[in-house]
Amino acid sequence: MKKLQLISILLVIILASLGCQRNKTSQTAGFDPRVEPLLKKMTLEEKLGQLNQFSNPYISTGTGETSAHNENFDEMVRDGLIGSFLNVLGAEETLRLQKIAVEESRLGIPLIFAFDVIHGYKTMFPIPLAEAASFDRAAMQQSARIAAVEAAANGLNWTFAPMIDVSRDPRWGRIMEGAGEDVYLNEQAAIARVRGFQGDDLSAANTIAACAKHFAAYGAPFGGREYNMVDMSERMLREVYFPPFQAAIDAGVATFMSAFNTIAGVPASADRWLFTEVLRDEWGFNGFVVSDWTSVEELIEHGIAESRYEAAWYGLNAGIDMDMMGRLYLDYGKQLIEDKKISEQQIDDMVRRILDVKFKLGLFDSPYQYSDLEKQEELTLHPEHLEASRDIARKSIVLMKNDLNILPLSKDIKRIAVIGPLANDKDAPIGNWRGSATPNSAVSLLEGMREAVGDRAEILYSEGTSLTLNEQQGFFTQLDYNTTDRSGFAHAIATARSADVVVMALGETAYISGECRSYADISLKGLQLELLREIRKTGKPVVLALFTGRPLVLTDVVEHTDAILNCWLLGSESGHAIADVLFGDYNPSGKLPASFPYHVGQIPVFYEQLNTGRPFDPNPFEFSSMYRDIPNEPLFAFGHGLSYTTFAYSDLVLTNDTITMSESITIKATVTNTGNYDGEEVVQLYIRDVIGKGVSRPLLQLKGFEKIMIEKGASKEVAFTIHPDDLAFFRLDKQFAPETGKFEVYIGTASNNLSLKGEFELVE
Ligand code: NOJ
């Protein structure tokens, strides 16, 4: 008995001490040892100052007018009332402000300078959706690395990227900023980009902190309308929208940003479950969270807070550490503590997290290392950066159609006509979220093609129709594109007639996609389709070079083309990269990261479907899951992308028929280049969990991909290793874990073209 008592006393002591330790570690685990002593010296006002972020009042990346115009920033920095700036750019100005913070404020706490370095700082890379089409992890990492090098040399320490919101709705303009519809691809992009921005050592002068945004589910607004409500099951959140954020944490992301939207009625920026229970308690995230631009203040508009005071409480209580542009914590933090609505301890936790990131960035040790005029001069737009941009751009191009192998074009074709509003557009390819890029600085398609052929061929040009906004028609920009002026048609038709082949440059300009660029109609704008039809009538072969920030509905377009090259918005080197592909100097290897709908009515459109109780049956008299007027399938499926060569898949081998929960399985296939060009193939592995116990499982889920180069005539074996954790899902018992049972395995070239099939069983 005595022994038992002793054991239980001991147990209580051990558990109690463990509990204490856990509390302690959760607050300070891995934190720089200098955080705590510094925190002790800070006044409450100084602590609240750290939670406060302002924008350069002359650059707005949020809602127009802000009170920031009236602030005396220098004075506030001196008083320790600002923790961070966004949109303050350049070595000179960042250095000036940093010096005030470090040399003139009481405790000398450095500022952290943030900016939306989304797809490049000055050297622009493909928009993230395009880059995801490369299915090339190294490319994604490299572009983020270079963006960080340029940004850091320009005084920045923190980017609001990567955006890793899964999106299955191309009406939503910000689909351009993520990796598309798939969970695994978004995870891989998250890892690559976080690694790229942050490098191996966050304290180095050429690395910057990344920010996983927008937590959570911002990519799923109802109707695709920007900032709109989101409502979905916890299963959908945990299986689709959360995993890229968990992957970012695993890759070491330093910060998170909260989303603008509500989820099930709760605005994300007030959601304690999201930011405290899931992000910190469940996932152990120790970095800090920044709100989106005034998203805490907007809790008033959301109708959950009556006043700025209440909004501040919601944000603090949820665990939003830094308030972007709201000034709420500074204005109401003290009062909230006095009113015992929040504790100083809560504020301390937030300050700790922010200080720790500043220590990790090396800002205390070398506060001026980022603001270096010489480096800024030397590294910005470095020729090697432009070279990398060209390479990544061509890897991102997707050959969507190539009838009769009309592409690649020979450089000896006598006359090539380049026609369309985007043919000589040097701005569209820079895309939205263009960092600090110079407007009109991209290589246009026309320039790229002329350079590629030199004197060998004549490249003719005609704009045909314009995409210029007609501002008189007001705000509704979908109505603004020229729909009446056909004066350029005759010249375009004559140009086409005199050529041997026509390259049509159609699609979207830079700001048709991006934040607050939702469109209900995502077909070609203005008179572009009409122009295409007219050109088609000339009987000349037509190649469409499509410029776009989102999947478009191309159903009426496809029939008027012989080939379609999806050129997205590819960045500074766009024209060079497209010419490389058009003339066969690079064999296209990109694959679609998001389905291109057949009709806007299919949206949300994605491959990861459940079977339903009445799967599609071609017999129209059966009551099956179908549209009566259109196919169920998108026009171009996720993972689709052609090459100038062809690939054959064979010899599927699974190392086991059965694996246990602690084993993994290797799945191999042989891919043979059966065509006439060397080329890269993105080998895709999908899995189906055949029977979910009480929960229906998707027909296909991407679980692996490898991009491999195969010379013509050669074969290569590709191997994937799958661990039971890769098969986990949010089960009926609310555990995120794998379940025993049968799994089907598919390997192939696109989600709708999987020629190899096998199966294995997972047992206890
Ligand atoms: C609003 C956007 O939603 C967010 O992604 C961005 O980082 C901020 N503005 C700051 O520019």
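Note that ligands are numbered from 1 as they come in the structure, with each ligand's atoms numbered from 1 the same way.
- Of the protein's non-hydrogen atoms, Thr61 O, 2.9 Å is the one closest to atom 9 (N) of ligand 1.
- Looking at Glu177 next to ligand 1, no N or O pair under 3.5 Å apart turns up.
- Here Asp116 has side-chain heavy atoms under 4.0 Å from ligand 1, and that is the only part of it that gets that close.
- Considering backbone and side-chain N/O of Trp293, none are found under 3.5 Å from N/O of ligand 1.
- Using a 4.0 Å cut-off to heavy atoms of Leu86, the atoms of ligand 1 that qualify are 10 (C), 11 (O).
- Phe113 meets the ring pair (Phe, Tyr, Trp, His ring centres under 6.0 Å) test with no other residue; sequence neighbours excluded.
- Between His214 and Tyr218, the angle of the ring planes goes over 60°, which puts this pair in the perpendicular group of the 30/60° scheme.
- When non-hydrogen atoms are compared, ligand 1 lies under 4.0 Å from neither the backbone nor the side chain of Met163.
- For the pair Phe260 and ligand 1, a heavy-atom separation below 4.0 Å is found.
- Looking at Asp356 and Arg353, no side-chain N of the basic residue comes within less than 4.0 Å of a carboxylate O on the acidic one, giving no salt bridge.
- Note: an N/O pair closer than 3.5 Å links Lys213 and ligand 1 by distance alone.
- At a heavy-atom cutoff of 4.0 Å, ligand 1 is contacted by no atom of Asn87, backbone or side chain.
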Notebook entry, point to check: For Asp169 and Ser167, what are the C-alpha separation, side-chain angles and deciding distance, and is it a side chain to side chain donor-acceptor pair (under 3.5 Å)?
Noted result: CA-CA 6 Å; Asp169 193 333; Ser167 179; over 6 Å; no
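- The aromatic rings of Phe54 and Phe73 are tilted relative to each other, their planes meeting at an angle between 30° and 60°.
- Applying the ring pair (Phe, Tyr, Trp, His ring centres under 6.0 Å) criterion to Phe606, with sequence neighbours excluded, gives no partner residue.
- Taking atom 8 (C) of ligand 1 as the reference point, the nearest protein heavy-atom neighbour is Asp292 OD1, 3.3 Å.
- A salt bridge does not link Lys213 with Asp292: none of the charged nitrogens is closer than 4.0 Å to a carboxylate oxygen.
- Looking at Glu508 and Arg517, no side-chain N of the basic residue comes within less than 4.0 Å of a carboxylate O on the acidic one, giving no salt bridge.
- Those atoms of ligand 1 with a heavy atom of His214 less than 4.0 angstrom away are 3 (O), 4 (C), 5 (O).
- Looking at ligand 1, you'll find an N or O of Arg174 within less than 3.5 Å of one of its N or O atoms.
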